[in-house]
Number of protein chains: 2
Amino acid sequence: MPKHQKQLSADHQALVDQGVVNAPDSAKGRLLQAAATLFKEKGYERTTVRDLGKAVGIQSGSLFHHYPNKEAILRAVMEETIILNTELMKAALSQNNDPAEKVLALIRCELESILGDTGAAMTVLVYEWRSLKEESQLEILKLRDIYENLWISTLIEAKESGRVVMDPAILRRLLTGALSWTVNWYRQEGNLSVEQLAKMALTLAIKPN
Amino acid sequence: MPKHQKQLSADHQALVDQGVVNAPDSAKGRLLQAAATLFKEKGYERTTVRDLGKAVGIQSGSLFHHYPNKEAILRAVMEETIILNTELMKAALSQNNDPAEKVLALIRCELESILGDTGAAMTVLVYEWRSLKEESQLEILKLRDIYENLWISTLIEAKESGRVVMDPAILRRLLTGALSWTVNWYRQEGNLSVEQLAKMALTLAIKPN
DNA sequence: AAGATTACCAAGCAAGCGCTTGGTTTGTAA
DNA sequence: TTACAAACCAAGCGCTTGCTTGGTAATCTT
């Protein structure tokens, strides 16, 4: 048990123990983190396997011992982040009962994913979709469907309780755009906290009580 | 004056006459339209100059008679679409006086840009920013600032009239994301009109009166 | 300690990339 | 008709790309 390593959340650690995602301090985990950062900064296409190798301190050819090809690295980045964030959302939902509170929990959760440690991977998930071959897209889509169902069912609840007016499917899509776009302008070091931003986003979606 | 050509809006035609943008039926104009379509579908990096040549029916090398390099084509796509849409927004604003109506006019205008004929170019403007070299980014940024100022000043007006609660800068950013994301899900052939969608987006931003 | 497996390096190949070159065709105007 | 420039073609150059290969070092298992 290494000492100087960043503490994982309980949910994250559980996924590592189950072998569903790679530990962030493993060889593969560090590769995926580096890949996510590079893919976000320069885009998937502009990032070469030589860039990736250099980022983790190995030769470019050695990457293909871990993954069969470059696209598989992109796919792994996406898969891991969506699996992780689905778990985090489930956990956040289970801690709230009021429909409006649940919506806020989802917004907060998604913002923290986008603006926090997994932000690079989340950005890649949103912006590099086209670079996946169709087969991979279908696989990731299955995972996204699970994630989106959490959103939709929560928004339906909120609508039934009268706090939401708009059609849940359309509201979710508008929110998806509004939240994912924050990666292009929000800066942690500014004087707007993620929590404040989450509450502002909530006012877009929910009627004042 | 060719006969069988799609009629341009008066604002668009004026820009062509001034030489600010290329006529859509000129050689350069058709190249830019094809480039926008390909860049949107496959991404800038995955689109080769051979793809571009084939799309307009010339050899790839002949492209460089019109533009000095591939990046200049991307830049031209972005410049033309933002200049055009800035004009369209100005025209839309001049036809409305009520602050809430002005906000709706901007939303409608942006949605029509994103979902209509210039949609490919607008998408490229949003998603291919990283592929511009820094010098080009700064040039385009000047044009974007003009465009964004129309939005911000209109939202400030709306806030002063009491119809908007949120900080205009943040509201604009959330709206930018929500509206630009529509390109990923909205389909014209569905049973939701752009006008309906615009009104829904308006309810996100504006308090019921 | 022995053996097996995993992780890696050094070198380089085949293909595709943006772009250049030298020359030919097409359009325009006197 | 002639002159000239703009538009284009055919060919290919130099470079970078993702990936492969054959071998070596490190790590794990028993």
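Quick note on labels: first sequence line is chain A, next is B, and so on, each numbered from 1.
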Q: Below 30° counts as parallel, above 60° as perpendicular, anything between as tilted: where do the rings of A/Tyr44 and A/Phe39 land?
A: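 Rings of A/Tyr44 and A/Phe39: perpendicular, over 60°.
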Q: For B/Gly43, is there any backbone N or O sitting under 3.5 Å from a side-chain donor or acceptor partner on B/Thr47?
A: yes
Q: May I ask you to say whether A/Arg130 pairs ionically with B/Glu128, meaning some side-chain N is under 4.0 Å from a carboxylate O?
A: yes
Q: Which of the following nucleotides, C/dC19, D/dT17, D/dC19, is nearest to the side chain of A/Thr48?
A: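 Of the candidates, D/dT17 comes closest.
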Q: Using the closest heavy atom to pick a nucleotide of DNA chain C for each, name whichever of A/Gly57 or A/Arg50 lands nearer the 5' end.
A: A/Gly57
Q: Please report the distance, rounded to the nearest Å, between OH in A/Tyr44 and C1' in D/dG18.
A: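 That distance rounds to 9 Å.
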Q: Let me know the distance between CZ of A/Arg30 and C1' of C/dC8, rounded to the nearest Å.
A: 13 Å
Q: In whole Å, what is the span from the NZ atom of B/Lys54 to the C1' atom of D/dA10?
A: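 Atom-to-atom, B/Lys54 to D/dA10, this comes out as 16 Å.
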Q: May I have the distance from A/Arg75 (atom CZ) to D/dG18 (atom P), rounded to whole angstrom?
A: 19 Å
Q: Rounded to the nearest angstrom, tell me the gap between atom CG in B/Leu52 and atom C1' in C/dC17.
A: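 So the CG-C1' distance, B/Leu52 to C/dC17, works out to 13 Å.
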Q: Under the criterion salt bridge (Lys or Arg N to Asp or Glu O under 4.0 Å), I'd like the reasoning laid out for B/Glu110 against B/Arg172: C-alpha separation, chi angles, the key distance, then a yes or no.
A: CA-CA 12 Å; B/Glu110 195 159 289; B/Arg172 168 55 184 155; 3.1 Å; yes
Q: Kindly point out which of D/dA10, C/dG18, D/dG18 is positioned nearest to the side chain of B/Phe64?
A: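 The closest nucleotide is C/dG18.
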Q: Grab the CG-P distance between A/Leu31 and C/dT6 for me, whole Å please.
A: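 The answer, rounded to whole Å, is 18 Å.
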Q: Using the side-chain heavy atoms of B/His65, tell me which of these nucleotides is nearest: C/dC19, D/dA6, D/dG18.
A: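 The answer is D/dA6.
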Q: Ignoring backbone atoms, test whether B/His66 places a side-chain nitrogen or oxygen under 4.0 Å from the OP1 or OP2 oxygen of D/dA6.
A: no
Q: Short question: side chain of A/Ser153, backbone of A/Asn149 - any donor-acceptor pair under 3.5 Å?
A: yes
Q: Look at all strands and tell whether B/Ser62 reaches a base, only sugar-phosphate, or nothing, counting heavy atoms closer than 4.0 Å.
A: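 Base contact.
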Q: I need the CZ-P distance between A/Arg46 and D/dG18, as an integer number of Å.
A: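 Taking CZ of A/Arg46 and P of D/dG18, I get 13 Å after rounding.
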Q: Let's see if you can work this out: which of D/dC19, C/dC9, C/dG18 has an atom nearest to the side-chain heavy atoms of A/Ile58?
A: C/dC9
Q: Tell me: CD of B/Gln59 to P of C/dT24, nearest whole Å?
A: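 Distance check: B/Gln59 CD to C/dT24 P gives 16 Å.
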